[in-house]
> 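Here's a structure for you.
By convention in this document, chain letters (A, B, ...) are assigned in the order of the sequence lines, proteins followed by strands, and residues within each chain are numbered from 1.
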Amino acid sequence: MVNREEFNPAKFEKKWQKRWEEEDIYKTPSKIDPKEKFYCLDMFPYPSGAGLHVGHVEGYTATDIYSRYMRMQGFQVLHPMGWDAFGLPAENYAIKTGIHPKEITDKAIKTFTHQIKSLGLSYDWQQEISTHQPDYYRWTQWFFLLLYKMGLVYKKKAPVNWCPSCQTVLANEQVVDGKCERCGTEVVQKEMDQWFFKITAYADELLEDLKKIDWPESTKEGQKNWIGRSEGVVIKFQIPNSKEQTNNKSQTTNHKLYIEVFTTRPDTLFGATYLVLAPEHPLVNKITTPKYQETVKKYQEETRKKTALQRSALEKEKTGVFTGAYALHPVNGRKLPVWIADYVLMTYGTGAIMAVPAHDERDFQFARKYGLEIQPVIKPEKGEWDFEERAFTEEGVNINSGFLDGLKTRAAKERIISWLEKRGFGKKDVRYKLRDWLISRQRYWGAPIPVIYCTKCGTKEKPAIIPVPEKDLPVELPDDVDFKPTGESPLKYSKKFHDVVCPVCGAKGKGVVWRESDTMDTFVDSSWYFFRFTDPKNEKEFASKEAIKTWMPVDLYVGGAEHTVLHLLYSRFFTKVLRDAGYIDFSEPFLKLRHQGLILAEDGRKMSKRWGNVINPDDEVKKFGADTVRLYEMFMGPIKDAKPWSTAGEKGVYRFLKKVWRLQYKVREEKSNEREERQINKLIAYVGENIERLNMNVIIARFMEFVNSYTPKKRVPLEVWKRFLLVMAPFAPHITEELWARIGMPFSIHQQAWPEYNPELITNKKIKIAVAFNGKTRGTLEVNLGLTKEEVIDKVKTNPKLSKYYLENKIKKTIFVKDKIINFVGV
RNA sequence: GCCGCGGUGGCGGAAUUGGCAGACGCGCAGGACUUAAAAUCCUGUCCCGCUAAAACGGGGUGCGGGUUCGACUCCCGCCCGCGGCACCA
């Protein structure tokens, strides 16, 4: 052979990337049959200043391989990329440096784009979107208006999570361990006027539909827990001799006052020895007796001051005070003392509980501390229980429970529920942990909430809330702002921004008409972006009905597991809203979801600037080329697992590509023999099957075996070589394109059909079957496929190695699994 | 505490879902080429015993039991690691 070249990816990777772009070979097909479509989506990244990291590369490579494979299979593929561009980091950086967030973000996007292109990923850049562009966020604002129209938006004064450092409120989902997800500052509770999306209206469906989708179990579980559905009963406890003071002082009504509690264990009702209200509960002030006014007030004060963290379970001691009031047990009429305690949360259930210290650990602790009665009413079905020691929280059999005595938990529940319902003391109910989604943020770098306040349409004290008319969208972010956080949105001080006319009455002027200055949580932006990708340039709609019908839902969605509850839940919510609004006729956006695991540093720790152990994909591409980086990240292990980087392992993959490169010089135009045909046919079948399962690591192992089988001396038949290049093309697009061109095949390998395989050729003609005696494998036999038991026994008898184990008269039983194993069982 | 996932050589990981455990890669050891190194190639590499080397025998998938002709795989009870939720009544 003449002029053997060394493998040097730098020599051809850029060249092909350029050609692919010029010839636009990954262009999204426009007119297609929805049955043959495939929408393959990555979670679009936040374009951070740090640039792309190896974790991104892992997910993107996997979807790239999948997309390329589906294209070769004849599917019409949508595989887009875009930017989740709004968010705090850019704004925080702006505060520090004075550089406008837009400038920072656009620069980061440029870097990301360049990096992604250098990896040879097959995105169609015509479909690119970015959430910070007015032509994107006008539709984010449109969604706000849509939800508003549907009655799914409201504004309310509410205790919110406030981050003193970021100077903004946070969604519950953004509070981690009582701290701000972003900066780690302890979050405090604050009463503020805020905007909410009514996601709780969909709680049941969000839970129910999890059954329909192919998602990792852990992620579904995460959503289930977050939604936190529990079935129980609301029970009324009457406050005797209570008189409710109404606002109207002259009138004193004398109707009965009740405390409503929610419980999932109504069967323990006879064990309720006291009631507890959340300190913020509206009834507290009404029922507290004069004698206890002061201590109750003081306790309420203290609670208000506590941070979320202090109030959480991490706080060891339970605290509370007595209100002086009593409530009547609905069945036996006993007077139960009513306490307040901050272990009861206003935000769950009814904000009040019946305490059953014998059967609830929290109540038990509290009762112990304050000397309240502990009355066991359930005993275990088997064995004893020391009720002095701790609460018995499992199901069992009722005792000390009047007409429930002797009943098992489930029966007791039914019995007491019908008893209570009949008498109007109780009602079955379902409660959720899920709360409405707080979407307003007092920050600049987000989509402005499209609302105008008008004092003429309303009053000075209560200005009317007027949604911005659709035709006036987008409400653009003004530039005349100061980024310093003040606790209010920087937009508040923009003159340009508030220069607005009331769309209803035409009034204007400072203090008369002004815009809402809060922006939306960036999770709003990302809750619908996958719709926009189907029709990114549409100026009339967020996406046309046809485009959505063509591409949605997403067939494969890949991204990090950290979005288990936030982004994934919100996106599902938006999809259901769109369905109810009549825009779409499906209710789940992502049919199949897979997560990529964390890529750890070489030292097994998380990659971090702090440790100086960060692997930058750019450097790796420079050293080894894009194909090596792609292939190595796929070879490391299962996509979903966390796994450490290994530069040595990466070199191994590079070595493999070198071998592939050298193999070109062994290619001959000769006919392949049967063995070679079987090998390549098997490979084709194996690769396709495992791409679909995202088992990229084992595929690469097979590629290696294939190459090794040819390396020392053997020549490669041209027809085998072609098919090998084709099946490897999705994994290593550059080298395969180069080698494809070198055998004179037309551009581009990535526009070829996936090679077919002959099902008859994907098994070996000869097969090894294991021969075992008493379950112990003693050897193998190479036999033709499909041999019968008798034939195999004959072979064993005559086999020099195996015959010595075969003592005919001792064999009791012979187990034979065709083409797999034969097992002789003796004494 | 609850829920989910996992535990296989020195390391990353394979095992057609109950049928030869350790594919492939890394690392390591020995050898070839070289003045030398790098690169490349070849051979070996789960542990123990017997071996000059094999052949051969025994053990082995976190631990202890069980089901089965046969268990990394299924069942029961533990231990450990990772992730999520966490006073949610």
Side-chain angles (χ1 to χ4, degrees), chain A residues 6 176-178 216-226 228-230 232 261-265 268 276 311-316 318 341-345 347-356 359-363 365-366 393 431-435 561-562 564-565 595 597-598 604 632 635-638 640-653 655-656 658-659 662 686 689 695 697-708 711-712 763 768-781 801 812-817 819-826:
Chain A
E6 280 293 306
V176 178
D177 281 342
E217 208 41 52
S218 55
T219 304
K220 287 194 193 181
E221 250 346 275
Q223 297 220 344
K224 243 186 238 171
N225 293 340
W226 193 265
R229 180 191 154 99
S230 35
V261 307
F262 176 69
T263 177
T264 54
R265 290 295 300 271
T268 63
V276 189
R311 231 188 124 158
S312 85
L314 305 171
E315 195 80 346
K316 55 251 150 247
K318 301 219 173 333
D342 65 2
Y343 81 91
V344 173
L345 309 173
T347 46
Y348 185 77
T350 58
I353 61 157
M354 64 176 203
V356 186
H359 304 291
D360 182 286
E361 267 162 51
R362 295 151 300 179
D363 298 342
Q365 281 178 38
F366 193 78
T393 57
R431 298 283 163 151
Y432 302 88
K433 280 201 260 182
L434 184 71
R435 322 236 183 101
E562 66 272 17
T564 304
V565 281
H595 298 302
L598 207 59
Y632 171 61
F635 187 57
M636 290 173 81
K640 66 171 196 301
D641 290 0
K643 41 209 175 290
W645 189 270
S646 155
T647 303
E650 188 185 15
K651 279 187 187 149
V653 169
R655 259 198 292 267
F656 160 68
K658 265 193 198 169
K659 286 189 199 171
R662 283 197 299 264
Y686 191 83
E689 217 173 278
N695 290 339
N697 54 331
V698 294
I699 296 175
I700 293 160
R702 288 300 172 96
F703 288 155
M704 288 171 170
E705 278 178 286
F706 177 88
V707 169
N708 289 342
T711 13
T763 47
K768 273 185 179 178
I769 73 169
V771 181
F773 295 87
N774 283 327
K776 188 149 229 43
T777 308
R778 295 295 178 176
T780 58
L781 277 177
K801 274 189 188 168
K812 286 242 172 81
K813 197 170 157 192
T814 307
I815 283 104
F816 176 70
V817 183
D819 298 334
K820 287 242 164 98
I821 193 167
I822 187 154
N823 186 12
F824 300 101
V825 185

> Strictly below 4.0 Å: does A:Lys643 bring a side-chain N or O up to OP1 or OP2 of B:G12?
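Checking A:Lys643 against B:G12: no side-chain N or O falls below 4.0 Å of OP1 or OP2.
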> Given B:C87, is OP1 or OP2 found less than 4.0 Å from the side-chain N or O atoms of A:Lys318?
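For A:Lys318, the contact criterion (side-chain N or O under 4.0 Å from OP1 or OP2 of B:C87) is not met.
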> Please report, rounded to the nearest Å, how far the P atom of B:A39 is from the NZ atom of A:Lys658.
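The distance from NZ of A:Lys658 to P of B:A39 comes to 8 Å, rounded to the nearest Å.
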> Hey, is the main chain of A:Trp645 close enough, under 3.5 Å, to the side chain of A:Tyr632 for a donor-acceptor pair?
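Pair absent, no side-chain N/O of A:Tyr632 close to backbone of A:Trp645.
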> Using atom P in both nucleotides, what's the gap between B:C3 and B:A86 to the nearest angstrom?
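One P to the other, the span is 16 Å.
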> Contact class for A:Gly652 (heavy atom, under 4.0 Å): base, sugar-phosphate, or nothing?
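Answer is sugar-phosphate: A:Gly652 comes under 4.0 Å of backbone atoms only.
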> Using the P atom on both, measure B:C72 against B:C33 and round to a whole Å.
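45 Å, rounded to whole Å.
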> If you only use heavy atoms from C-beta on, which nucleotide in B:A15, B:C26, B:C41 is closest to the side chain of A:Ala648?
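Nearest to the side chain of A:Ala648 among the choices is B:C26.
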> Would you measure the distance from the C1' atom in B:G18 across to the matching atom in B:U73 and give it in whole Å?
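Those two atoms are separated by 7 Å.
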> Quick check for you: among B:G12, B:G19, B:C3, whose closest atom lies nearest to any side-chain atom of A:Glu221?
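So the side chain of A:Glu221 is nearest to B:C3.
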> Side-chain N or O of A:Asn708 versus OP1/OP2 of B:G25: is the shortest distance under 4.0 Å?
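Checking A:Asn708 against B:G25: at least one side-chain N or O falls below 4.0 Å of OP1 or OP2.
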> Sequence neighbours excluded, which residues qualify as side-chain hydrogen bond (donor to acceptor under 3.5 Å, both in side chains) partners of A:Gln223?
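If we apply the side-chain hydrogen bond (donor to acceptor under 3.5 Å, both in side chains) test to A:Gln223, skipping adjacent residues, the hits are A:Arg572.
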> Can you tell me if the side-chain N/O atoms of A:Asn697 get under 4.0 Å from OP1 or OP2 in B:G25?
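Checking B:G25 against A:Asn697, no side-chain N or O comes under 4.0 Å of OP1 or OP2.
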> Checking only heavy atoms, does the side chain of A:Asn823 share a donor-acceptor pair with the base of B:C69 at less than 3.5 Å?
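Answer yes: a donor N or O sits under 3.5 Å from an acceptor.
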> Where does RNA chain B pair, written as one dot-bracket string 5' to 3', with Watson-Crick or G-U pairs under 3.5 Å, ( ) inside the strand, [ ] for crossing pairs and | for another strand?
(((((((..(((......[....)))((((((.......))))))((((......))))..(((((..]....))))))))))))....
> Between A:Lys643 and A:Asp641, is there a donor-acceptor pair closer than 3.5 Å when you use the side chain of the first and the backbone of the second?
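Here the side-chain-to-backbone pair exists.
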> Within the 4.0 Å heavy-atom criterion, would you say A:Arg662 contacts the bases, only the backbone, or no part of the nucleic acid?
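The residue A:Arg662 makes sugar-phosphate contact but no base contact.
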> Which is true for A:Val344 with a 4.0 Å heavy-atom rule: it touches a base, it touches only sugar-phosphate, or it touches nothing?
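Counting heavy atoms under 4.0 Å across all strands, the contact made by A:Val344 includes a base.
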> What's A:Ala642 touching, base or sugar-phosphate or nothing? Going by heavy atoms closer than 4.0 Å.
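It contacts sugar-phosphate atoms only.
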> Could you check whether the rings of A:Phe773 and A:Phe824 sit parallel, tilted or perpendicular, using 30° and 60° as the cut-offs?
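If you compare the ring of A:Phe773 with that of A:Phe824, the planes turn out parallel.
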> Using a 4.0 Å heavy-atom cut-off across all strands, classify A:Pro216 as base, sugar-phosphate, or nothing.
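Here A:Pro216 touches no strand at all.
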> Which of these nucleotides, B:G25, B:A89, B:C5, is closest to any side-chain atom of A:Phe635?
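Closest nucleotide to the A:Phe635 side chain: B:G25.
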> State whether the side chain of A:Arg265 and the backbone N or O of A:Thr393 hold a donor-acceptor pair below 3.5 Å, judged by distance alone.
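Yes, the answer is positive, given that a donor and an acceptor are paired below the 3.5 Å cut-off.
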> What integer number of Å spans the P atoms of B:G44 and B:G22?
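Between the two P atoms, the distance is 15 Å.
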> Using a heavy-atom cut-off of under 4.0 Å over every strand shown, decide if A:Val817 touches base, sugar-phosphate, or nothing.
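A:Val817: base contact, heavy atoms under 4.0 Å.
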> B:C69 C1' sits how many Å from A:Phe773 CZ, rounded?
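The distance from CZ of A:Phe773 to C1' of B:C69 comes to 13 Å, rounded to the nearest Å.
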> Within this structure, what is the OH-to-C1' distance between A:Tyr343 and B:A89, rounded to whole angstrom?
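Rounded to whole Å, this separation is 9 Å.
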> B:C85 P sits how many Å from A:Glu562 CD, rounded?
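After rounding, the gap between these two atoms is 12 Å.
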> Rounding to a whole Å, what distance do you find between A:Tyr432:OH and B:A89:C1'?
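So the OH-C1' distance, A:Tyr432 to B:A89, works out to 17 Å.
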> Does A:Arg655 reach a base, just sugar-phosphate, or nothing at all? Heavy atoms under 4.0 Å.
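Result for A:Arg655 = sugar-phosphate.
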> Does B:U61 adopt a syn or an anti glycosidic conformation, taking syn as a chi angle within 90° of 0?
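This nucleotide is in anti.
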> For atom P, what is the distance between B:C78 and B:G1, given to the nearest Å?
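So the two P atoms sit 13 Å from each other.
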> Please determine whether a side-chain nitrogen or oxygen atom of A:Ser218 lies at a distance below 4.0 Å from atom OP1 or OP2 of B:C3.
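Indeed not, no polar side-chain atom of A:Ser218 lies that close.
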> What's the CG-C1' distance between A:Asp819 and B:U16, to the nearest Å?
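In whole Å, B:U16 C1' and A:Asp819 CG are 13 Å from each other.
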> Give the rounded distance in Å between these two atoms: CZ of A:Arg229 and P of B:C2.
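Value for this atom pair: 23 Å.
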> Pick the P atom in B:U16 and in B:G84, then give their distance to the nearest Å.
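Going atom to atom, P in each nucleotide, I get 30 Å.
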> Ignoring hydrogens and geometry beyond distance, is a side-chain donor-acceptor pair present between A:Lys659 and A:Asn708 at under 3.5 Å?
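Per modelled atom types, A:Lys659 and A:Asn708 side chains form a pair under 3.5 Å.
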> Enter the distance from A:Met704:CE to A:Arg655:CZ here, rounded to the nearest 0.5 Å.
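Rounded to the nearest 0.5 Å, the CE-CZ separation comes out at 10.0 Å.
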> If you measure from the C1' atom in B:G19 to the same atom in B:U68, how many Å do you get, rounded?
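Going atom to atom, C1' in each nucleotide, I get 12 Å.
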> Return whichever of A:Met704 or A:Thr350 has its heavy-atom-nearest nucleotide of RNA chain B closer to the 5' end.
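Counting from the 5' end, the first nearest nucleotide belongs to A:Met704.
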> Would you indicate which nucleotide in B:G12, B:A86, B:U16 comes nearest to any side-chain atom of A:Trp226?
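Of B:G12, B:A86, B:U16, B:A86 is nearest to the side chain of A:Trp226.
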> Could you check A:Glu6 against A:Phe262 and say which one's nearest nucleotide on RNA chain B is further toward the 5' end?
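The 5'-side residue here is A:Glu6.
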> Do side-chain atoms of A:Asn695 reach the backbone of A:Val698 as a donor and acceptor pair under 3.5 angstrom?
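No; judged by distance alone, with no hydrogens or angles, the pair does not exist.
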> Using a heavy-atom cut-off of 4.0 Å across all strands, would you classify A:Lys813 as base, sugar-phosphate, or nothing?
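The residue A:Lys813 makes sugar-phosphate contact but no base contact.
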> State the OH-CD distance between A:Tyr343 and A:Gln365, to the nearest 0.5 angstrom.
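Going from OH on A:Tyr343 over to CD on A:Gln365, the span is 9.0 Å.
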> Side chain of A:Pro638: nearest nucleotide among B:C20, B:A89, B:G13?
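Looking only at heavy atoms from C-beta outward on A:Pro638, the closest nucleotide is B:G13.
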> Say you pick atom P in B:C79 and the same atom in B:G64; how far apart are they, in whole Å?
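The same atom, P, in both gives a distance of 15 Å.
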> Check A:Ile769 against A:Phe816 and note the closest heavy-atom contact, atom names and distance.
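That closest heavy-atom pairing would be CD1-CE1, 4.4 Å.
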> Using the glycosidic torsion, which applies to B:G9: syn (within 90° of 0) or anti (everything else)?
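Syn for B:G9; the angle stays within 90° of 0.
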> How long is the span from the CD1 atom in A:Ile815 to the CD1 atom in A:Ile822, to the nearest 0.5 Å?
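Reported value, rounded in 0.5 Å steps: 9.5 Å.
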> For A:Glu361 and B:A86, what is the distance between atoms CD and C1' respectively, to the nearest whole Å?
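After rounding, the gap between these two atoms is 13 Å.
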